[in-house]
Structures are given as structure tokens and as C-alpha cells.
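Reading through the C-alpha cells given below for one structure.
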Amino acid sequence: MKPHEKKYLKDYTPPNYLVDHIDLRFDIFEKETIVTSVMEITRNRKTADEKTPLILDAVDLDIKSVVADDMVLMPEEYETEKQYFKLNRVPENFTLEITTRLNPGANTTMDGLYRSGNCFCTQCEAEGFRKITCFPDRSDVMTKFSCIITADQTKYPVLLSNGNMVLKGTLENNRNFVKWEDPVKKPCYLFALVAGDLSCVEDVYTTASQRRIVLKLYVEKENIDKCGYALTTLKQAMAWDEEKFGREYDLDLYQIVAVSHFNMGAMENKGLNIFNARYVLASPETATDSDFMNIQSVIGHEYFHNWTGNRITLKNWFQLSLKEGLTVFRDQEFSSDMNARGVKRIEDVKKLRTRQFPEDAGPMAHSVRPESYIEMNNFYTATVYQKGAEIIRMLSQIFGKQGFRKGMDLYFKKFDGCAVTTEDFITTMEEVSGIDLSQFRRWYTTPGTPEVSIKRTYTPENRQLVIDFQQLNYDNQFKHLHPPCHIPVKTGLIDKNGQDITPDKQCLYHLKNETDQLVFENIAPGTLASLFREFSAPVKLKTDFTIQELAFLLEHDNDDFNRWDAAQQLFFREIKTVFFNIKNNQPCNLSLPVQNAFGALLARTDNKKALTSKILALPEEDEIGETFETIDVNLIHKARMFVKKSLGAALKDQLISTISNCCRYSPADLSSKAMAERSLKLLCLSYTGALNTDEATEIIYRHFLASKNMTDEIGALSILTDIASPKTREALDQFYDKWKHEPLVIDKWFAVQAASILPDTMDRVEALTRHRDFTMENPNRIRSLTGVFSTQNPVNFHRSDGRGYRFLSGQILALDPKNPQISARLASAFSQWKRYDVKRQALMENEFDRIIKTPSLSKDTYEIVTKALAGGHQGIFE
Ligand code: TRP
Ligand code: ZN
């Protein structure tokens with residue numbers, strides 16, 4: 001199989017031709033869609049002359065006609081290769097009209113123009129526009145768009161595109177049409193079109209400058225009662241961006257469409273966001289508290305893109321983190337302001353540690369600004385998004401609130417309407433502050449997670465506390481050391497009575513050398529340092545804290561994140577001790593400090609229930625695995641279950657009374673307090689469930705039956721699915737019967753079964769692929785079954801007989817011809833293969849072999865699998 005072409009940042013050149021204006025027309029019919037595009041094309045005099053050919057991107061397009069300045073071109077007058085459309089000689093300014101014929105009904109990729117249910121919609125990021133018409137499909141070509149859509153008026157009464165509606169009417173043959181004009185220039189990846197029979201919920205938002213913005217949320221009729229939360233959140237996001245960043249919305253209309261078939265979370269198309277329905281539709285009966293929180297993040301995220309991504313866009317796709325890292329930071333801050341900041345930070349760091357750290361240590365490692373790619377869609381990664389957001393967060397720490405805002409203001413002012421780079425962003429930040437960021441820039445260009453070790457020395461004679469830091473930036477792929485990073489360390493001091501005695505409240509220390517030293521003078525004995533408060537830098541921290549010190553931090557630190565992190569460290573140590581005891585056939589027991597700390601937390605009445613439930617949750621098996629050189633899934637599972645069960649037994653009465661005390665709020669209450677109470681209750685239930693007694697099962701089952709919202713219902717069901725009891729089957733059947741008409745709830749039904757730790761899970765998962773409701777056509781369904789099984793069920797996916805691996809590769813190969821984006825995402829579950837024992841490595845290698853030998857494998861999956869295979873042996877970016 002011929003290797004696919006790789007694109008390099010170093011080969012970037014500006015566009016030779018620009019498109020000032022494009023008038024699109026879509027004539028939609030059941031069997032085909034005719035797309036007519038009229039472009040005003042101008043040569044870029046800085047880069048091209050009259051000998052420079054015009055090359056447009058065009059993938060698998062059926063070109064019907066080409067007209068240049070009113071002259072009809074014969075097919076021999078233009079070249080069309082598989083990926084391009086080429087005219088050898090063109091004037092400096094001219095009009096080009098191209099007509100293409102598409103068959104969206106046959107497009108299963110969910111990229112370009114496709115069908116989702118009874119609705120037509122587009123997805124153009126990253127490079128989908130070239131599947132619709134011939135165009136310079138690159139983000140630095142910014143164009144004014146207009147779009148006429150015609151379709152049958154009974155089946156497609158709603159016809160949407162970007163900007164403002166300027167004309168509508170009816171045509172012959174029961175057809176209707178609408179014309180849209182987007183007044184703001186944009187790159188073509190932000191183009192969108194929707195045609196369908198959708199219902200609309202409308203609202204109005206008045207901006208700070210008293211402009212009235214019409215908000216429209218389009219959904220399928222039966223979902224009209226599940227839009228309230230998304231709309232409220234949108235208005236909150238609009239107000240928040242005005243207050244925190246001084247950014248108002250620019251158009252008069254903001255539209256969101258929810259579709260059931262979607263590859264990712266949502267898409268920020270100008271004035272017409274398209275959303276995966278799961279990030280819009282919610283009611284307390286059908287959505288969990290964490291679904292609501294996710295909706296808040298994604299609604300915020302897409303809205304914030306209007307300034308960070310759309311008004312200011314990317315020069316090329318290597319700059320993806322310029323919009324994604326920055327916009328994730330903005331949505332994280334929005335959620336932090338709307339809920340408990342400390343809890344949000346814990347969730348975000350947990351996500352970073354479980355997804356981004358392993359990615360950065362494995363064969364998929366790439367810098368936040370990658371140097372090359374084969375398939376751009378594979379670069380929507382945890383590194384670009386989550387680590388990218390951490391970089392912005394560090395800057396906001398280094399600059400302080402006001403300094404950061406000043407930098408952002410200048411960034412918006414300088415680059416509004418431009419396509420720019422991460423370097424432009426950093427330069428602007430330097431400009432306002434005078435702070436030298438030359439070393440800081442390495443965060444964008446260096447892959448890997450820096451490792452920071454600390455050692456503390458206290459000298460009672462001169463009351464000096466010295467903290468020695470060492471940072472290591474080891475490159476796992478190239479086996480060498482990168483130069484040190486600029487690492488901000490937010491540090492606090494706590495005296496022996498638990499009082500915070502941090503000098504000037506906030507102490508931000510800048511670690512810049514391989515070894516550095518922080519000296520505190522006049523420190524009383526017993527004073528403890530709290531380091532990397534709020535997780536002030538995305539590093540792996542190795543400390544020399546004792547169990548007693550960790551327990552002290554857990555109890556007294558006023559930084560929520562570090563309290564949680566201290567508890568995590570305690571749990572890690574506890575589980576590891578048990579792990580080695582099991583391994584060496586030694587007796588196991590729960591240590592008293594951990595049990596006491598746990599009990600004290602449950603007894604605490606400081607009303608931080610959300611935080612408490614985070615702190616009391618054991619690290620997941622994959623997080624524990626990360627702390628080992630070679631991951632032993634079974635032993636990790638056993639050790640973790642032992643600790644869970646022991647805690648459940650030791651604190652049984654306290655857990656039960658907490659469960660019964662968590663009942664003060666109505667099941668439909670979406671306030672932070674109500675959510676916090678539910679999460680603590682479910683956590684206690686899951687410890688109770690770990691006891692695996694009939695009595696415990698009965699408690700969970702009763703909770704399931706009594707539940708009056710989805711949080712409690714699926715929460716209890718997911719605990720039950722880990723218990724081998726006839727009750728579990730009963731509950732699953734009842735749940736299915738109750739919810740079979742709600743696809744987003746049925747996704748959850750698949751997911752809890754795919755995550756079950758029971759030994760027959762593999763059989764069940766295979767059987768579920770033959771369930772009438774399972775379909776390869778819907779990415780949400782695939783993610784809930786195959787995705788959850790391969791990424792959230794280590795013991796069953798990594799079965800020693802290799803059946804889990806065989807199952808996954810079968811799914812990948814079945815999906816690849818239909819939807820390569822999702823197939824490649826599934827394949828990345830294999831990327832950590834080198835972390836397992838040689839037997840499992842060999843089993844996974846077999847599957848790689850089978851995948852790679854498949855004829856006409858997509859370049860998406862090809863790129864992931866070849867990188868995984870090469871992992872560790874050779875560089876990815878040669
Ligand atoms: N830009 C989108 C976001 O972060 C994500 C996105 C990228 C996407 N490519 C996509 C969404 C393809 C759907 C399909 O919000
Ligand atoms: Zn985004």
C-alpha cells in the first residue's frame with residue numbers, strides 16, 4: 001500500500017489566488033444535490049504571476065460544468081486529478097463558475113454534505129468543503145459567502161446557512177428557497193448548510209450595547225421540550241464573554257442546530273453552529289448532571305469560538321491550538337465561574353492526566369503546534385485541546401488577571417479579521433507586558449510532559465525552608481532531553497496548625513532552569529509547602545511528602561485542587577501497597593491513615609459536597625496504570641477493588657447515613673448544591689455496591705427503582721452492572737423498556753454494559769453489536785459500545801486471550817470504509833500497546849498487522865496505526 005502524503009509546517013506558502021466572494025447555490029433533491037459556485041478570483045500579486053496555475057482543492061467531485069468569465073470550458077481545458085482542480089493560465093481577476101453533483105445520501109463519512117436522519121447538513125472543518133465544491137480549502141483564504149438553497153418544501157421547510165436571511169419564497173413543483181448572506185469574511189471551513197423539517201425554539205439576547213440578537217435553536221419536533229437548558233446557557237455565555245473578555249456577538253442572529261449523526265461534539269460555523277444532539281438536548285429525566293455540565297461547556301465553547309477562531313482565525317492547520325487551546329481555556333473559565341471553580345479544575349486536570357499525558361508519552365506524541373500531519377482530522381487531540389488550554393492558563397497566571405486581559409484586548413484589536421499563528425499570539429502577549437516569553441514558547445514546540453521532582457530541606461538553626469526543584473524533559477520518541485521549560489509554580493505555605501501563611505497570599509515562582517532552588521526565610525518548624533496550587537503547570541510532579549504530610553494537606557490546604565491531589569497520592573500509595581502484597585502473596589489490609597482521612601471527610605460539614613465526592617473517588621484503573629512501567633490490568637483491578645471494598649466495609653454505617661442524608665433537593669433541581677448532593681450520594685452508593693453483598697445489591701436496586709431523574713437512575717444502574725445478580729438483568733431490561741424511544745438514553749444503556757467489570761462482558765458486548773438498536777451509522781452509538789469498551793474497561797478489553805483486541809480491530813475494519821474519522825479514533829485505543837506485557841503486545845501487533853494489510857484502508861486509520869507501530873522505535877516526525 002502506498003504511504004499517504006505528509007504535509008509539513010515548514011512547507012507553508014501563502015495562497016496564490018484569493019477568493020473575494022463566493023455565491024453558492026444548492027439545489028437539493030432526494031437522489032442528488034447540485035452545487036453551483038460562482039467565485040470572484042484574484043491573483044495574489046505577492047506570490048504569483050500570470051504563469052502561476054490556479055489549483056483548487058477538489059476531492060471526489062463530479063464536475064458538471066466550468067465557466068470562466070462567461071466562457072464555457074471543455075473538460076480538456078482543465079485538469080482534475082483525484083484531489084485537485086487545475087487551470088493552467090488564468091487572468092489576474094476573473095469569475096469562475098463551477099457546478100458539481102453530490103450524493104449526500106450515500107455519504108457515510110459525516111464530512112462534507114451528508115444526511116443525518118431526515119435532515120441534510122454539512123461539516124467542513126477541517127477539510128470538508130473540498131468535498132462540496134472546488135475551492136482553495138485552506139483557512140487563510142477568507143471570503144464573503146452568499147448561499148441560495150432550494151428544496152422540497154414539505155420535506156425541507158427549514159433551509160439554513162451562515163449570516164442573515166435576505167430572501168425567501170416558493171418555486172414550482174412544491175419547492176421553496178432561501179438566500180443567506182454572511183457579511184463577515186470567513187475561511188470555508190466555517191461554511192454551513194442545513195435543510196430539514198425542524199422545529200425551532202426562539203429567544204432574544206440584548207447585548208451590553210443594547211443590540212438585540214435573535215437566538216434560534218433547531219431540533220427535531222419530538223425534542224422541543226429539551227432545549228431550555230441549552231438556550232439559558234447560551235445567554236449566560238454571551239453575557240460572560242462581554243463581562244470577562246469585552247466581546248459582544250457581531251451578527252443579529254445566532255442559530256444552533258442539533259443533529260443525531262455527528263462525528264464530534266459540535267462545530268462553530270459562523271452564525272450557524274451544528275451540534276451533536278447530546279450536547280444540546282436535556283431534561284432532568286433524560287440527562288445526567290454531568291450531561292448538563294457538558295452541554296454548558298460545549299455551548300460555551302462554540303459560542304466563544306466566534307471571537308477565538310472565527311473573527312480571528314488560523315493561518316494554517318498547524319496553528320489549530322491557537323483557536324482550540326484558547327477556546328477550551330475560555331470554556332473552562334466560563335464553567336468555573338458558573339459552578340465550583342475548584343471542582344471544575346479537578347475534573348479538567350483529571351482529563352489532562354488520563355488522556356493527554358499518556359498521549360504525550362506514547363507513539364502519538366506531538367507538540368501543541370504539530371510539525372506535520374497526514375490526516376488533519378487526527379490532530380483534534382487532547383494535546384492540541386487540553387494541553388493547549390494549559391498553556392493559556394499558565395500565561396494567565398504569569399500575567400495576572402489584568403495583565404492577561406490587556407494582552408487579550410490587544411490580540412483582538414490587532415488581528416480581528418485575520419488568519420494568524422500561535423506565534424502572533426505570544427508576540428502580542430509579550431508586547432503588552434514586556435515579559436520575555438522566549439523560553440515559554442517551548443511549550444508549543446516540545447512534545448512530552450516535563451517531570452518535576454522536588455526535595456525539601458528544613459534547617460531549624462536558621463529557620464530556613466529550602467525547596468530544590470529538578471525538571472526533566474525527556475523525549476520518549478527520540479530518547480533525548482529537551483531544554484528546560486518555563487514552569488510557573490504557584491506555592492503556598494501552611495503552618496503546623498493548618499493556617500495558611502503564604503506571603504502576599506499568592507506566591508508564583510518561575511522555574512526556568514534544570515535545577516532551581518526556592519528559599520523561604522524565617523519559617524517555623526512544621527511548616528508545610530503546598531506546591532503547584534490549582535495545578536499551575538501541566539507537569540508530572542514527584543514529591544517527597546510523607547503519608548502524614550499528605551493527610552495534613554488533605555485536611556488543611558485551602559487550595560481545593562491540592563486537597564484532592566493529596567488524597568489521590570494517598571490512594572495511589574495505598575493501592576500500590578496492596579498491589580505488591582497481592583503479588584507477593586502477602587496479607588492485605590487497609591491502612592489506618594487512609595481510612596481515618598476518608599471517614600473525617602465524610603463527617604465534615606463544610607458543605608463542600610461536590611469537592612468531597614471528588615476527593616473520595618479512587619483514581620481510575622488507567623490512572624493507576626500510568627504510574628507503572630508495565631501495566632498489569634488484572635492486578636491493578638484487584639488492588640483497587642480491594643481498597644474500595646475495604647473502605648466500603650470500614651465506613652459502612654457512615655456511607656449509609658450519608659446516602660440517606662443526601663435527599664434535600666428536588667430531583668429536577670439543577671443548582672450546584674443539588675448536583676453536589678447527588679454526586680456524593682452516588683459515590684457512597686458505589687462504595688456500598690463494592691461490598692457485593694445481597695444487602696448492598698438490594699440498596700442499589702431500590703435506589704434504581706426509586707430514582708426520579710437520569711443522574712440517579714443511570715448512576716444506580718451503572719453500579720448494578722458491576723454486580724453479578726439477577727437484579728442487574730432485571731434493571732437493564734426495565735431501563736431499556738422505559739427508554740427505547742430516546743436514542744441518547746439508549747446510548748447510556750449500551751455504555752454501562754460496555755463498562756461492566758463482570759467476566760462475561762466480552763460476550764455481552766459482542767451480542768450487543770447484534771442488538772436491533774446497534775448501528776454503525778451513528779457515531780454516538782459506536783462510542784457508547786465499542787468506544788467505552790476499549791477505553792473504559794481495562795480488565796475486559798485487555799483480556800489475556802486477545803478477544804478484546806480482535807473485537808476492536810473487527811469494528812475498526814467494518815467501520816473504516818464508512819466513517820474513517822471514527823474508525824481512526826477507535827484505533828487510537830491501541831496506541832498504548834507498548835505499555836503492556838509482551839504477550840499482550842504480540843496480540844495487539846497481530847491486530848495492527850491485520851488492519852494495515854487491509855486494502856484501501858483510509859489515511860485516517862493508516863496514520864494512527866503506522867504511528868502506533870513505529871512507536872518508540874523511530875521518530876514520528878522525520
Ligand atoms: N472545531 C470543533 C470544535 O472544537 C471541532 C471539530 C473539528 C469538528 N473537526 C470536526 C466537529 C469535525 C465535527 C466534525 O468545536
Ligand atoms: Zn473548538
Side-chain angles (χ1 to χ4, degrees), residues 333 336 341-342 345-346 349 390 392-407 429 432-437 439-440 450 452-471 484-539 541-546 548-567 569 606 608 611:
E333 284 299 293
S336 303
R341 177 167 285 270
R345 186 64 187 139
I346 289 164
V349 173
E390 292 300 318
I392 308 294
R393 185 170 297 280
M394 285 189 282
L395 283 175
S396 77
Q397 288 276 350
I398 293 170
F399 283 70
K401 239 195 183 104
Q402 277 149 28
F404 183 71
R405 172 70 192 266
K406 246 173 92 187
M429 285 292 170
V432 287
S433 64
I435 297 176
D436 175 10
L437 296 173
Q439 189 184 1
F440 187 85
V452 177
S453 326
I454 65 137
K455 222 197 181 104
R456 296 158 303 149
T457 326
Y458 180 71
T459 333
E461 296 80 57
N462 54 8
R463 294 167 62 89
Q464 221 182 36
L465 174 65
V466 177
I467 304 176
D468 281 295
F469 291 90
Q470 186 179 25
Q471 64 162 307
C485 280
H486 174 175
I487 299 173
V489 190
K490 192 175 173 189
T491 308
L493 291 173
I494 305 165
D495 75 12
K496 66 173 192 303
N497 304 315
Q499 280 300 310
D500 197 285
I501 51 160
T502 311
D504 21 301
K505 277 280 168 259
Q506 152 143 344
C507 163
L508 196 68
Y509 171 67
H510 299 268
L511 176 57
K512 290 184 170 177
N513 301 307
E514 230 151 87
T515 58
D516 262 310
Q517 204 174 55
L518 180 53
V519 182
F520 292 100
E521 305 285 357
N522 201 19
I523 298 294
T527 301
L528 206 54
S530 168
L531 299 162
F532 288 93
R533 278 184 164 172
E534 293 175 274
F535 200 63
S536 60
V539 300
L541 184 59
K542 286 192 169 162
T543 65
D544 54 355
F545 288 115
T546 64
Q548 287 69 30
E549 287 174 324
L550 288 172
F552 185 84
L553 285 172
L554 168 57
E555 193 179 342
H556 297 292
D557 203 325
N558 65 16
D559 182 62
D560 289 348
F561 174 81
N562 266 2
R563 283 187 60 207
W564 172 79
D565 210 28
Q569 297 312 313
D606 58 1
K608 285 187 156 192
L611 180 63

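When a residue number appears, it is its place in the shown sequence, counting from 1.
Gln439 approaches Pro484 most closely through the heavy-atom pair NE2-O, 3.1 Å. The shortest non-hydrogen separation linking Ile487 to Val539 is CD1-CG1, 4.0 Å. Nearest heavy atoms, Cys485 versus Pro450: SG-CG, 4.3 Å. Pro488 and Met394 make their closest contact through CD-SD, 3.6 Å (heavy atoms, listed as atom of the first residue, atom of the second, distance).
A donor-acceptor contact closer than 3.5 angstrom links the side chains of Arg533 and Ser530. A side-chain donor-acceptor contact under 3.5 Å links Asn522 and Arg463. Side-chain contact, Thr515 with Asn513: no donor N or O sits under 3.5 Å from an acceptor N or O.
Salt bridge annotation for Arg393-Glu534: absent, with no cationic side-chain nitrogen under 4.0 angstrom from a carboxylate oxygen.
Listed by chain and number, the residues in a ring pair (Phe, Tyr, Trp, His ring centres under 6.0 Å) with Phe469 are Tyr509 (sequence neighbours excluded). Legend: residues meeting salt bridge (charged side-chain N to carboxylate O under 4.0 Å, His left out) with Lys406, ordered by chain and number and at least two apart, are absent. Here Arg405 pairs with Asp409 under the salt bridge (charged side-chain N to carboxylate O under 4.0 Å, His left out) rule; sequence neighbours left out. Legend: residues meeting ring pair (Phe, Tyr, Trp, His ring centres under 6.0 Å) with Phe561, ordered by chain and number and at least two apart, are Phe535, Trp564. For His486, the ring pair (Phe, Tyr, Trp, His ring centres under 6.0 Å) partners at least two apart in sequence or on another chain are Phe440, His510. Shown here are the salt bridge (charged side-chain N to carboxylate O under 4.0 Å, His left out) partners of Asp565, two or more places apart in sequence or in another chain: Arg353.
In this structure the side chain of Leu528 never reaches within 4.5 angstrom of the side chain of Asp495, judged on heavy atoms. Using a 4.5 Å heavy-atom cutoff, the side chains of Phe532 and Val452 are in contact. Contact annotation: the side chain of Ile501 approaches that of Thr527 to within less than 4.5 Å [non-hydrogen atoms, C-beta and beyond]. Counting heavy atoms from C-beta on, the side chains of Gln517 and Val519 come closer than 4.5 Å. Between Asp560 and Arg345, every side-chain heavy-atom pair lies at or beyond the 4.5 Å cut-off. Inter-residue side-chain proximity for Asp468 and Ile454 is flagged as unmet; no heavy-atom pair is nearer than 4.5 Å. Between His556 and Lys496, the closest side-chain pair of non-hydrogen atoms is not below 4.5 Å. Proximity of Leu465 to Leu493: side-chain heavy atoms (C-beta onward) are separated by under 4.5 Å at one or more points.
Panel note: side chain Ser536, backbone Lys490; a donor-acceptor pair is recorded below 3.5 Å. Of the possible polar contacts, none joining the Asn497 side chain to the Gln499 backbone as a donor-acceptor pair under 3.5 Å is found. Put simply, the side chain of Arg456 gets close to the backbone of Asp544: a donor and an acceptor are under 3.5 Å apart. A donor-acceptor pair is defined here as one N or O able to donate and one able to accept, closer than 3.5 Å; no such pair exists between the side chain of Glu549 and the backbone of Ala529. A donor-acceptor contact shorter than 3.5 Å is absent between the side chain of Asn562 and the backbone of Leu553. For the pair Thr491 (side chain) and Val489 (backbone), a donor-acceptor distance under 3.5 Å is present. For Ser453 (side chain) and Lys542 (main-chain N/O), no donor-acceptor pair under 3.5 Å exists by modelled atom type. In this structure, Thr459 contributes its side chain and Glu461 its backbone to no donor-acceptor pair below 3.5 Å. One N or O on the side chain of Tyr458 and one on the backbone of Ile523 form a donor-acceptor pair closer than 3.5 Å.
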Open item on the list: One pair to check against side chain to side chain contact (heavy atoms under 4.5 Å, CB included): Ile392 and Phe404. What are the steps and the verdict?
Closed with: CA-CA 10 Å; Ile392 308 294; Phe404 183 71; 3.6 Å; yes

Open item on the list: Pair Leu437, Leu395 - check side chain to side chain contact (heavy atoms under 4.5 Å, CB included), show working.
Closed with: CA-CA 9 Å; Leu437 296 173; Leu395 283 175; 4.0 Å; yes

Task: Chi angles and distances behind the side-chain hydrogen bond (donor to acceptor under 3.5 Å, both in side chains) call for Glu514, Gln470 - done: CA-CA 6 Å; Glu514 230 151 87; Gln470 186 179 25; over 6 Å; no

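For CD of Gln402, the number of neighbouring non-hydrogen atoms (other residues, nucleotides, ligands) closer than 6.0 Å is 12 at most.
The distance from the OG1 atom of Thr543 to the CG atom of Leu550 is 6.0 Å, given to the nearest 0.5 Å. From Ser396, atom OG reaches atom NZ of Lys401 across 9.5 Å, with rounding to the nearest 0.5 Å.
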